[in-house]
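Reviewing the structure listed below.
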Amino acid sequence: MPPKKPGPAPAGGAWDWVFAPRRKGEKRFWLVKSEPDVFSFDDLMRRPDRTTPWDGVRNFTARNFLRDGMTLGDPVLFYHSNASPPAIVGVCEVVREAYPDSTALDRNDPHFDPDSDPKDPSWFMVDLKAVRALPRPLPLPELRANPALAGMALLRIGRLSVSPLRREEWDAVMSMAKA
DNA sequence: GCCAACGTTGGC
DNA sequence: GCCAACGTTGGC
């Protein structure tokens, strides 16, 4: 999947499986991070229609996942970073695919990016809707202890605020949450 | 195009 | 508060 400008292409590498064409009806799985002091899963549950624009992503790799990968109906894990302990706490769903991130174009917004051309925006957001809290939060140390999750982007690349999971990883997370 | 300096994220 | 990891910037 050729990413549009600007920003480096993830092509020819480890993330090919993320952008590969989908079979009809195939879902892909994602994880987003948020600091609960800033915006928690409970905050999302309290939003009208339990929905929010996921704005403020300012990392090209995360941007590419969000813009080129996330598809209507895809399930998304909600992770609390900078928490004690950091943990996966809930599930949400993509209810609107990528559109330009208005905060990047708003001079008065802390996430304003003067380099982003309104006619050809650099940054995008999707809308996420809360589905349900996990039966219990899954703290980071417990995730790390599960060999089935050794390849998970969250555990390998600390700073990615939007990342993909393989189906097997998603399933492993779900069974941990039930146990 | 290389790489050092710098800034940010985020676990601990 | 500290610091490791790593993305970004800018000099050359």
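Below, chains carry the letters A, B, ... as their sequence lines are ordered, and counting in each starts from 1.
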Which atom pairs link the protein and nucleotides 2-5 of chain B when you take only N or O atoms and keep those under 3.5 Å?
none

Legend entry - ring-ring contact (aromatic ring centres under 6.0 Å, His included) contacts touching residues 137-179 of chain A (sequence neighbours left out): A/Phe29-A/Trp170
Legend entry - Side-chain cluster (under 4.5 Å, hydrophobic types only) that A/Tyr99 belongs to, other residues: A/Met125
Quick one: list whatever passes side-chain hydrogen bond (donor to acceptor under 3.5 Å, both in side chains) with [X], sequence neighbours left out.
X: A/Asp49; result: A/Lys129
X: A/Glu168; result: none
X: A/Thr103; result: A/Arg58, A/Asp101
X: A/Asp74; result: A/Arg22, A/Trp30

Legend entry - Protein proximity profile, nucleotides 6-12 of chain B - base contact B, sugar-phosphate-only contact S, no contact -, cut-off 4.0 Å on heavy atoms: -BBSBBS
Inset, instruction - Using the test salt bridge (charged side-chain N to carboxylate O under 4.0 Å, His left out), find all partners of A/Lys27 that sit at least two apart in sequence or belong to another chain. - result: none
